[in-house]
*Asks:* 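The structure under discussion is supplied below as structure tokens; questions concerning it will follow.
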Amino acid sequence: MQENKIHEKYMKLALELAKKGEGAVNPNPLVGALVVKNNQIIGKGYHKYFGGPHAEVYALNEAGDNAKGADIYVTLEPCSHYGKTPPCVKKIIEHNIKRCFIAIKDPNPLVSGRGIKLLQKSGIEVKIGILENEGKEINRVFFKYIKEKLPYIHIKIATTLDGKIATKTGDSKWITNEKSRKYVHYLRNKYMGILVGINTVKKDNPNLNVRNDSLKNHRDPFRIILDPSLKIDKKLNIIKNNNDEKTILITQIKNKKEKQDFIEELSNKYKIKFIFLNEEKFKFKDIFKEIYNFGIDSILVEGGGFVLSNLFKEKELIDEGSIFIAPKILGDKDALSFITGFEISKIKNSIQLENVSFKNFDNDICLEFKRGE
């Protein structure tokens with residue numbers, strides 16, 4: 001029992017290290033590693049950025065020759081294949097590690113367990129399942145992306161106490177306070193893409209970037225705009241400021257012919273990417289499949305009401321959500337609600353959110369929920 005507590009202590013430290021990679025490693029997983037010898041940490045590391053060295057590399061390099069006969073704690077099964085970097089299993093074996101403790105197997109069925117077998121074949125003792133649930137939790141995005149071949153979906157809503165996201169004139173600045181909005185930028189940094197509808201873009205002219213000074217080395221997400229009729233204006237910020245070439249427009253395939261010149265200008269001059277769909281009324285499952293093909297592992301859906309309402313009709317696609325509730329009341333039935341279009345006659349048939357928790361941002365309350373397994 002005491003020995004298990006020691007292993008959990010070191011794995012918990014490795015998990016905390018892994019979280020430092022949030023927003024920088026997508027679509028790779030978050031991974032942390034510790035090298036421990038004689039109950040002393042002699043090396044530590046985490047996956048810092050996409051395409052960069054893996055956690056085990058940093059930890060083993062820090063430990064150096066002293067790693068011989070030591071234990072290594074890794075939050076995800078070490079990789080056994082050549083990708084953007086050499087396999088970590090090879091490096092662990094070369095450093096003559098004695099024991100390897102792993103939180104959870106790699107979810108990819110093509111590689112899952114292969115790294116473990118190679119370690120065992122080389123004589124390294126392997127133990128799997130140390131804080132397994134915690135290991136899975138920090139990589140919810142990666143697990144869905146690999147296993148379901150769909151991006152992870154997190155919805156964000158900012159509403160008054162009576163469920164309104166704007167007045168009837170469209171005014172929405174600002175429903176929530178500055179502290180809540182700062183947290184939203186943390187979420188923007190965490191996920192690879194932001195999805196909004198064309199009406200929100202035309203009304204607010206947002207940049208859809210990350211603005212939070214406390215986030216070091218942040219990167220802006222892909223800006224994904226749902227625009228079936230291609231109403232986008234070239235003067236909008238997400239078009240004219242597309243220097244990173246991360247703006248994606250989703251529109252009907254018929255526009256490819258009907259608005260060919262406009263599309264070619266957006267593509268060639270402004271470097272806009274396109275997703276063309278056949279349907280007149282898009283299905284989110286189809287949208288997310290196409291976004292997956294761009295290598296985007298996660299999306300923060302920010303609205304507006306039309307987008308959110310239709311996404312809730314395919315609610316099985318929603319993995320997580322943050323509903324910011326400000327202590328404000330409009331009391332106007334014509335003000336814009338964050339969700340409409342449902343005809344539910346019985347409370348028992350209402351949409352039920354799962355795994356609910358709360359955060360407090362000064363006077364704002366953030367209700368968070370996650371889809372059950």
Side-chain angles (χ1 to χ4, degrees), residues 1-25 28-108 111-140 142-143 216-217:
M1 183 64 73
Q2 184 61 33
E3 187 180 1
N4 286 341
K5 290 291 183 185
I6 292 170
H7 296 324
E8 289 178 1
K9 179 185 81 169
Y10 288 127
M11 190 61 77
K12 187 175 181 181
L13 291 172
L15 288 163
E16 290 302 315
L17 278 171
K19 292 175 187 175
K20 290 186 175 184
E22 266 189 351
V25 303
N28 281 355
L30 298 168
V31 184
L34 287 180
V35 180
V36 178
K37 191 173 186 179
N38 299 324
N39 211 26
Q40 295 289 321
I41 298 171
I42 60 172
K44 57 186 178 181
Y46 67 96
H47 188 29
K48 295 183 179 181
Y49 58 92
F50 178 74
H54 289 186
E56 300 93 321
V57 174
Y58 286 111
L60 289 166
N61 284 348
E62 188 176 308
D65 293 339
N66 204 22
K68 184 177 181 179
D71 297 333
I72 189 167
Y73 292 80
V74 190
T75 59
L76 186 70
E77 178 183 355
C79 64
S80 56
H81 61 285
Y82 281 87
K84 291 185 177 294
T85 58
C88 294
V89 164
K90 185 172 181 285
K91 194 170 183 73
I92 291 171
I93 294 169
E94 288 172 350
H95 276 75
N96 296 301
I97 289 291
K98 182 181 179 181
R99 298 186 298 180
C100 180
F101 297 91
I102 300 167
I104 193 164
K105 282 185 180 181
D106 190 313
N108 189 336
V111 298
S112 182
R114 187 164 176 261
I116 293 166
K117 287 178 182 177
L118 288 171
L119 291 171
Q120 291 171 329
K121 190 176 179 181
S122 72
I124 295 172
E125 183 183 337
V126 179
K127 186 170 182 181
I128 311 149
I130 308 294
L131 299 185
E132 182 177 3
N133 290 336
E134 291 86 342
K136 189 173 183 180
E137 179 64 25
I138 69 163
N139 274 313
R140 284 173 64 94
F142 178 69
F143 272 61
K216 294 180 181 179
N217 303 319

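FYI, side chains are in, hydrogens and waters are out, and symmetry mates aren't considered; it's all heavy atoms of this structure.
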*Asks:* Could you pull out the closest heavy-atom pair between Cys79 and His54, with the gap in Å?
*Replies:* SG-ND1, 3.6 Å
*Asks:* Are Lys19 and Glu16 within salt-bridge range, i.e. N to O under 4.0 Å?
*Replies:* yes
*Asks:* Starting at CG of Leu13, measure out to CD1 of Ile41 and round the result to the nearest 0.5 Å.
*Replies:* 5.0 Å
*Asks:* Please say whether more than 12 non-hydrogen atoms of neighbouring residues, nucleotides or ligands are located less than 6.0 Å from NZ in Lys20.
*Replies:* no
*Asks:* With a 3.5 Å distance limit and no angle check, can you tell me whether Thr75 reaches the backbone of Leu15 through a side-chain donor-acceptor pair?
*Replies:* no
*Asks:* Closest approach of Ala103 and Leu131, non-hydrogen atoms and distance?
*Replies:* CB-O, 4.1 Å
*Asks:* Going from CG on Asn39 to CD1 on Ile6, what distance comes out if it is rounded to the nearest 0.5 angstrom?
*Replies:* 5.5 Å
*Asks:* Which heavy atom of Ile92 sits nearest a heavy atom of Pro78, and at what distance?
*Replies:* CD1-CG, 3.8 Å
*Asks:* Could you tell me whether Lys90 and Glu94 make a salt bridge, using a distance below 4.0 angstrom between a side-chain N and a carboxylate O?
*Replies:* yes
*Asks:* For Phe143 versus Lys105, what's the shortest heavy-atom pair and its separation?
*Replies:* CZ-O, 3.9 Å
*Asks:* Aromatic rings Tyr10 and Tyr73: how do their planes relate, parallel, tilted or perpendicular, breaks at 30° and 60°?
*Replies:* tilted
*Asks:* For the atom pair CD1 (Ile104) and CG (Leu76), what is the distance rounded to the nearest 0.5 Å?
*Replies:* 7.5 Å
*Asks:* Which heavy atom of Asn28 sits nearest to which heavy atom of Phe142, and what is that distance?
*Replies:* C-CD1, 4.1 Å
*Asks:* Considering only heavy atoms from C-beta outward, does the side chain of Ile97 approach that of Leu119 to under 4.5 Å?
*Replies:* no
*Asks:* Look up atom CD1 in Ile124 and atom NZ in Lys98, then write down how far apart they are to the nearest 0.5 Å.
*Replies:* 12.0 Å
*Asks:* Indicate yes or no for a side-chain donor-acceptor contact from Asn38 to the backbone of Gln40 under 3.5 Å, with no hydrogens or angles considered.
*Replies:* no
*Asks:* Of the non-hydrogen atoms in Ala18 and Val31, which two are nearest, and what is the gap between them?
*Replies:* CB-C, 3.4 Å
*Asks:* Using a 3.5 Å distance criterion without hydrogens, assess whether the side chain of Glu134 forms a donor-acceptor pair with backbone atoms of Lys12.
*Replies:* no
*Asks:* What distance separates His47 NE2 from Cys88 SG, expressed to the nearest 0.5 Å?
*Replies:* 9.0 Å
*Asks:* Do Lys91 and His95 have side-chain heavy atoms sitting under 4.5 Å apart?
*Replies:* yes
*Asks:* Given 3.5 Å as the limit, does a donor-acceptor pair link the side chain of Asn139 with the main chain of Leu30, or not?
*Replies:* yes
*Asks:* Does any part of the side chain of Glu62, heavy atoms only, come nearer than 4.5 Å to the side chain of Ile42, both counted from C-beta?
*Replies:* no
*Asks:* Mind checking the CG-CG spacing from Leu34 to Asp71? Nearest 0.5 Å is all I need.
*Replies:* 11.0 Å
